[in-house]
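Have a look at the structure below before the remarks.
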Protein chains: 2
Amino acid sequence: MAPDDTKDRIVEAAITTLKERGYAGSSARAIAATGSFNQALIFYHFGSVRDALLAALDRTSAERMAAYRTAAASATDIQGLVGVATEIYHEDLASGHITILAELIAGASTDRTLGPEIVARIAPWIDFAREEIDRVAQGSPLAQLVPADDLAYAIVAQFLGLELLTHLDGTAERAERLFQLAGSFSTLLSMSGLMDGGPPR
Amino acid sequence: MAPDDTKDRIVEAAITTLKERGYAGSSARAIAATGSFNQALIFYHFGSVRDALLAALDRTSAERMAAYRTAAASATDIQGLVGVATEIYHEDLASGHITILAELIAGASTDRTLGPEIVARIAPWIDFAREEIDRVAQGSPLAQLVPADDLAYAIVAQFLGLELLTHLDGTAERAERLFQLAGSFSTLLSMSGLMDGGPPR
DNA sequence: GTCTATACTTGGATAGAC
DNA sequence: GTCTATCCAAGTATAGAC
C-alpha cells in the first residue's frame with residue numbers, strides 16, 4: 001500500500017480524491033493536495049489529469065478483479081453465486097471501487113473520449129459475470145431461456161444503478177434488502193429445477 | 001413547446017444543453033448560447049445555474065410522469081406491464097429524460113447538495129413502479145415473496161444502470177435484448193401460476 | 001427585465017530554475 | 001525528477017446602464 005515512487009503516490013492520491021471529492025472535484029491541484037506533492041508532477045508523469053484518473057481506475061479494477069475471482073471460485077451453485085455477489089457488493093462499497101467507476105462514468109458525459117476507455121475497463125466485469133453464470137447454470141433449462149451474456153450485462157447494470165442510488169440515498173439499507181431477496185429467490189430457483197442439469201465443475 | 005416567457009426559454013435551453021453536453025458542460029454560458037439569451041438572465045431568474053438545472057429536471061419529470069401514467073393504465077397483467085416498461089425505456093431514450101436524470105446524478109458527486117434534491121425527484125418513480133406492481137401482482141404468491149417496494153427500487157436502479165451503460169456503449173442493442181428477454185420471462189411467470197390470484201382492477 | 005462589462009475564482013498546462 | 005511561477009481559458013456571479 002505504501003507507494004514507493006512518485007507515480008504510485010499520484011495514483012493512490014487520485015484514487016482517494018476520486019472517492020472523496022468525485023470526478024469534477026479531482027483536479028490536478030486537489031489530487032496534489034491529497035498526496036502532498038507538486039501539482040506539476042501529474043503532468044510530468046501522466047501528461048494529463050484524465051490519464052492519471054484512468055490509471056487510478058486501472059489499479060482498483062485489477063485489485064478488485066483478483067479479489068472477485070478468488071471469492072467466486074468457491075461458489076458451485078446459484079445460491080453460492082448470489083452469496084458471492086453480495087460479498088462483492090459489500091467489498092466494492094467498502095473499497096470504493098464502484099464509486100470510482102461511477103465517478104468516471106459521470107465524467108464521461110463531459111469528456112466524451114472517456115467513454116470508450118471506461119467501456120474497455122467494464123468489459124472484463126461483464127465477461128467475469130458471464131463466465132460465472134455459465135459455470136453454475138450451463139446445461140440447465142434456465143440457460144436455454146436466458147443467454148448468459150445478456151444476463152451478465154443486466155447484472156453489471158444493476159450493480160451500477162444500485163451504487164448510484166445508494167450514493168444519493170446516503171444509506172445502503174434498500175440495497176441490503178435486495179441482496180437478501182436475491183438470496184431467497186435463488187433458493188426458490190434451485191428448488192424449481194430450472195437450474196438442474198448443469199455439470200458441476 | 002414554444003416557450004413564451006424567458007423563464008421557460010431558460011428551462012428549455014437547460015434541458016437541451018443537459019442532453020447534448022452533460023452536467024459539467026451545462027454552464028451558464030453554454031445554456032445561454034443554446035437559447036440565444038443573455039447569460040446573466042439565468043442568475044436573475046433562478047439565482048444559480050444549479051437551480052436552473054433542477055428546474056429542467058422538474059419539467060421533464062412532470063412531463064414523463066404524465067405519459068407513464070397514461071401508458072400504464074392500459075396494462076392489466078405482468079406481461080402488459082413489461083410492455084409498458086419497454087415503451088417507457090424507448091420514450092425515455094428518445095426524450096432524453098433519463099439522460100438528464102443521469103447527468104444530474106453525475107453532478108451530485110461534485111455538488112453534494114444536489115443529492116437530496118434528486119432523491120426527492122426520483123421518489124415518485126419508485127412509488128409509481130410500486131403502485132403498478134401492486135396493481136398486477138397483489139394477492140399472488142409472488143407478491144408474498146417479493147415486497148413491491150423493494151422490487152420497485154431494483155427496477156428504477158436497473159433503468160439507471162442500463163441508461164448509463166447504453167450511453168457509454170453508444171448502442172442500445174444489448175438493452176433492447178434485455179427488454180425482449182423480460183417479455184419472455186413475464187410470459188413464463190404468467191404460465192407458472194405465480195402471478196395468479198390478484199384481483200383484476 | 002435585459003443588456004454590457006467586469007471582478008473574482010479555479011483549473012489545465014507549461015517554462016525554466018534547481 | 002521536482003520545484004516555483006505563471007499564462008491562459010472557462011466559469012460564477014454581480015454592478016450598473018438602459
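Numbered from 1 within each chain, the chains take letters A, B, ... in sequence-line order.
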- [ ] Enumerate the residue pairs fulfilling side chain to side chain donor-acceptor pair (under 3.5 Å) with a member in residues 18-44 of chain A, sequence neighbours excluded, ordered by first and then second residue.
- [x] A:Thr17-A:Thr34
Open item on the list: Can you list every stem that DNA chain D is part of, counting only runs of 3 or more consecutive Watson-Crick or G-U wobble pairs with both distances under 3.5 Å?
Closed with: C:1-18 with D:1-18
- [ ] If a pair satisfies ring-ring contact (aromatic ring centres under 6.0 Å, His included) and one of its residues is in residues 82-101 of chain A, list it, with sequence neighbours excluded.
- [x] A:Tyr89-A:Phe179, A:His97-A:Trp125
- [ ] If a pair satisfies ring-ring contact (aromatic ring centres under 6.0 Å, His included) and one of its residues is in residues 103-123 of chain B, list it, with sequence neighbours excluded.
- [x] none
Open item on the list: Can you give me the closest heavy-atom contact between B:Phe159 and B:Ala85, atom names plus distance?
Closed with: CZ-O, 3.7 Å
Closer than 3.5 angstrom, by distance alone: can the side chain of [X] be matched with the main-chain N or O of [Y] as a donor-acceptor pair?
| X | Y | result |
| --- | --- | --- |
| B:Gln158 | A:Gly161 | no |
| B:Gln138 | B:Ala143 | no |
| B:Arg121 | B:Leu101 | no |
| A:Thr187 | A:Gly183 | yes |

Give me the distances for all protein-to-nucleotides 2-5 of chain C N/O pairs that come in under 3.5 Å?
unit_1: C:dT2; atom_1: OP1; unit_2: B:Thr6; atom_2: OG1; d: 2.5
unit_1: C:dT2; atom_1: OP2; unit_2: B:Thr6; atom_2: OG1; d: 3.2
unit_1: C:dT2; atom_1: OP2; unit_2: B:His45; atom_2: NE2; d: 2.8
unit_1: C:dC3; atom_1: OP2; unit_2: B:Asn38; atom_2: N; d: 3.4
unit_1: C:dT4; atom_1: OP2; unit_2: B:Asn38; atom_2: ND2; d: 3.0

List in chain and number order the residues that pass side chain to side chain contact (heavy atoms under 4.5 Å, CB included) with [X], two or more places apart in sequence or in another chain; answer none if no residue qualifies.
| X | answer |
| --- | --- |
| A:Ala72 | A:Val84, A:Phe128, A:Glu132 |
| B:Ala129 | B:Ala152 |
| B:Asp149 | A:Arg174, A:Arg177, B:Arg130, B:Pro147 |
| A:Leu151 | A:Ile133, A:Val146, A:Ile155 |

Task: Within residues 46-53 of chain A: residues closer than 4.0 Å to DNA chain D (heavy atoms) - done: none
Task: Residues from residues 18-33 of chain A lying under 4.0 Å of DNA chain C - heavy atoms - done: A:Ser27, A:Ala28, A:Arg29
Nucleotide [N], atom [atom2] - distance to [atom1] of [X] in whole Å:
| X | N | atom1 | atom2 | answer |
| --- | --- | --- | --- | --- |
| B:Phe43 | D:dG11 | CZ | P | 11 Å |
| B:Asp111 | C:dT10 | CG | P | 15 Å |
| B:Ile10 | C:dG1 | CD1 | P | 10 Å |

Open item on the list: Considering only residues two or more places apart or on different chains, which pairs with a residue in residues 81-101 of chain A satisfy salt bridge (charged side-chain N to carboxylate O under 4.0 Å, His left out)?
Closed with: A:Arg64-A:Glu91, A:Arg64-A:Asp92
